[in-house]
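Atoms within each ligand, like the ligands themselves, are counted from 1 in listed order. Start at 1 with the first residue, then count along the sequence.
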Amino acid sequence: MGHIVLTGFMGTGKTTVGGEVARRLGRQFVDMDAVIETRAGKPIRSIFDQHGETTFRRMEAALCQELAQQVTHTEPLDLAHGRKTEGMVIATGGGSLVDPANRALMMRSGIVVCLNCDAGEILQRVTRDREQNRPLLNVADPHAEAGRLLEARRKAYAAIPWQIDTTALSIEEVAERVIEIAGAFTFPVRYSGGQYDIHLGNGLLSHIGSSLRAAGIPGGAQIAVVSNPTVAALYREEVESSLREAQLEPFACSIPDGEQHKTLATVASLYEQFLLGGLDRSGTVLSLGGGVTGDVAGFAAATFMRGVRFVQMPTTLLAMVDASVGGKTGVDLPQGKNLAGAFKQPELVMIDPSVLATLPVEEMRSGVAEVIKHGIIGDPTLFVELEAGAGATGTWWDERGAARIARALRVKINVVEEDPFEQGWRAVLNLGHTVGHALERLSAFTMRHGSAVAIGMIAAARIAEALGQAEPTVAQRIKEALTTWNLPVRCPPFDAEAIWAAMAHDKKRRGRSLRWVLPRAIGEVEIVEDVPQDVVLSVLQDLGAS
Ligand SMILES: NC(=O)c1ccc[n+]([C@@H]2O[C@H](COP(=O)([O-])OP(=O)(O)OC[C@H]3O[C@@H](n4cnc5c(N)ncnc54)[C@H](O)[C@@H]3O)[C@@H](O)[C@H]2O)c1
Ligand SMILES: [Zn+2]
């Protein structure tokens, strides 16, 4: 859906790249300058000479209007299919989108990508071939004039979120990057103090630099890239090089791998690394990793020098659909999980599902449990898709996987936008977690979170059924969906009373009543305060507890 619009200074390759992108995607290609020339029946140079620049700009603005009208936006995103091949690929004239009205129009009509290039190289390119149709450079000193124009337009170009530095890239490589960007989903997330974007798309890892700049992080800013050795070995280099390409200054910070290191001691070690790296209040902390990294780095960002900017690049499925959204950060205390923390909203969340290719299968499964959870809470279509199983590929880093992640994210975003500080409705995200947490605790945390939540979701559905509050097929459907994805559906033979006691302990420590999230139907849950103990015990025993 929507156009792919390429803009940028003259000489950055908009037309050639645009043609290549259109060819690869099977879309129609429109070169705005060429359309204007055809319609006027004369070259742009003559339009300038005979009618003046103002007339040309008017023609350009009219053409922007016309092109923008050719996409009909019923919804900002077609979640099931991603942006498909309906819009055109448009190469604008070099100056077209300097005008803010044109820029806004095109940004609404699809995705706008600005091609830029090293200034010296541009000057060389555009002054080398003078016979080309560049009326603005038809002056005594074209080199100086190109430099002046470049400077004058810099700000307008910088206002475009997606940028590609084409300096060292071939046409094919630039086209590939444009296609990555065009395939991305963007979700704006609103909270009481502002708004940020979540970008989701395969290949976005290498776009982090320019996206940070577009999110308002100035050139020259220090970026503390926090990751653990596992993830750093796989992805840190690519991220840092993208940051450097965008004139940002990354430095690496390392935390040990594993939930047992989600502690205040790790946060303290991050403070030290931030100081060593020279991070000050104008700096940014970037989390590159799973939920543990995000929680620790986010808490450090919230508190270091009373708060610095924070960016999330989640690399596990669980962190993509759950932990990276909603602003909760924090660490575990010896007395329990997530007992110290802060709300810290990010400037940007960048999700590249292609990194899931390296995620161990058990970690993947934990994420799938949360995706299924989001389907049950608020997206029956997503649930139906998951019910059908993993399919031939069973991957999450193909186009379909990305669309599923998008759907699961949408559910979480809707919930946290409604209840940013977890005062009520956000509790629905705890579906399956009441029993799940108790099972994790009783297993001394040897049971995986996803497995525990899977069993917890079945328990919740069975309880809803026992209370006569659920459609009769709900528990069975949840069970089958979980089975399809190799998640457990039977409770380990813990004592049911002990599970109850563990839940009660949790409740007492958090100073609130035992809350249940019960599915009434797929896509509809409710929060219930008092479920009789005997109902819970009998459901747990039915599921395998002793
Ligand atoms: N803040 C929130 O709202 C929120 C929500 C849900 C969960 N959480 C927290 O998230 C944590 C769990 O997150 P998690 O499941 O992502 O665990 P994790 O961060 O420990 O990551 C799991 C494992 O996968 C490895 N890994 C990560 N990305 C990889 C990749 N692309 N390739 C290969 N290996 C990779 C990690 O090194 C780690 O060993 C818990 O601490 C939980 O409390 C927070
Ligand atoms: Zn969870």
Side-chain angles (χ1 to χ4, degrees), residues 205 226-236 238-239 254-263 266 287-299 301-302 310 312-333 336-346 349 351-374 377 396-397 408-409 412-413 415-416 419-422 426-437 439-440 445 447-457 487 517:
L205 212 61
V226 180
S227 57
N228 68 34
T230 317
V231 175
L234 292 162
Y235 303 113
R236 202 186 68 209
E238 192 176 342
V239 167
S254 185
I255 62 171
D257 194 351
E259 175 79 28
Q260 71 274 27
H261 299 291
K262 200 173 114 174
T263 60
T266 305
S287 161
L288 174 67
V292 168
T293 308
D295 279 8
V296 175
F299 184 53
F310 179 49
Q312 293 253 34
M313 295 192 81
T315 61
T316 64
L317 182 56
L318 183 137
M320 290 176 186
V321 301
D322 196 350
S324 66
V325 191
K328 286 209 280 176
T329 69
V331 296
D332 303 334
L333 298 181
K337 283 190 62 162
N338 298 325
L339 287 183
F343 281 97
K344 174 71 181 168
Q345 303 293 345
V349 180
I351 303 179
D352 181 350
S354 71
V355 304
L356 296 177
T358 55
L359 191 68
V361 61
E362 328 75 77
E363 298 299 344
M364 210 58 203
R365 224 172 271 146
S366 259
V368 172
E370 305 282 358
V371 176
I372 293 177
K373 182 190 83 178
H374 289 183
I377 293 171
W396 288 80
W397 55 92
L409 255 178
K412 172 117 190 199
I413 293 168
V415 172
V416 301
D419 179 16
F421 296 108
E422 200 166 21
R426 187 154 165 173
V428 296
L429 296 169
N430 285 331
L431 170 65
H433 285 59
T434 314
V435 167
H437 283 151
L439 296 179
E440 280 181 285
F445 295 95
M447 183 180 243
R448 298 204 153 259
H449 180 69
S451 306
V453 169
I455 298 162
M457 288 194 289
L487 282 154
V517 183

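Counting heavy atoms closer than 4.0 Å to ligand 1, residue V231 contributes side-chain atoms (C-beta onward) but none from N, CA, C or O. Looking at E259 against ligand 1, only its side chain comes within 4.0 Å, counting heavy atoms. At a 4.0 Å heavy-atom cut-off, ligand 1 does not touch D332 at all. Contact annotation for T230 and ligand 1: only side-chain heavy atoms (C-beta onward) come within less than 4.0 Å of the ligand. In L356, neither the side chain nor the backbone holds a heavy atom less than 4.0 Å from any atom of ligand 1. Of the heavy atoms in L318, only side-chain atoms (C-beta onward) come closer than 4.0 Å to ligand 1.
Within the 4.0 Å heavy-atom shell around ligand 1 one finds P360.
Residue, atom and distance of the protein heavy atom nearest to atom 20 (O) of ligand 1 are V292 CG2, 3.4 Å. Atom 28 (N) of ligand 1 has as its closest protein heavy atom T315 OG1, 2.7 Å. Regarding atom 17 (O) of ligand 1, its nearest protein heavy-atom neighbour is G291 N, 4.1 Å.
Note: no N/O pair closer than 3.5 Å links G258 and ligand 1 by distance alone. Remark: ligand 1 and T329 share no N or O pair separated by less than 3.5 Å (distance only, no angle test). In terms of polar-atom proximity, V355 is counted as a contact of ligand 1, with an N or O under 3.5 Å from an N or O of the ligand.
The option with the heavy atom closest to atom 42 (C) of ligand 1, from among K328, Q260, K262, is K262. Evaluated by nearest non-hydrogen atom to atom 22 (C) of ligand 1, the leading choice among K344, Q312, E363 is E363.
Checking each of E440, E363, E259 against R448 for a salt bridge (charged side-chain N to carboxylate O under 4.0 Å, His left out) leaves exactly one that passes, namely E363.
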Task: Evaluation steps, side chain to side chain donor-acceptor pair (under 3.5 Å), between T358 and Y235 - done: CA-CA 10 Å; T358 55; Y235 303 113; 2.6 Å; yes
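Note: angle at the Zn ion (ligand 2), from NE2 of H433 to NE2 of H449, is 100° (rounded to 10 degrees).
Side chain of K262 to main chain of V296: no donor-acceptor pair is present (N/O by atom type, distance under 3.5 Å, no hydrogens or angles). Between the N228 side chain and the D257 main chain, no donor and acceptor come within less than 3.5 Å of each other.
Here D322 does not reach the Zn ion (ligand 2): none of its N/O/S atoms is less than 2.8 Å from the metal.
Among the heteroatoms counted here (N, O or S) of E370, OE2 is the one nearest to the Zn ion (ligand 2).
Residues S354 and L205 have side chains not in contact (no heavy-atom distance under 4.5 Å, counting atoms from C-beta outward).
Between R426 and D419, the shortest heavy-atom contact is N-OD2, 2.8 Å.
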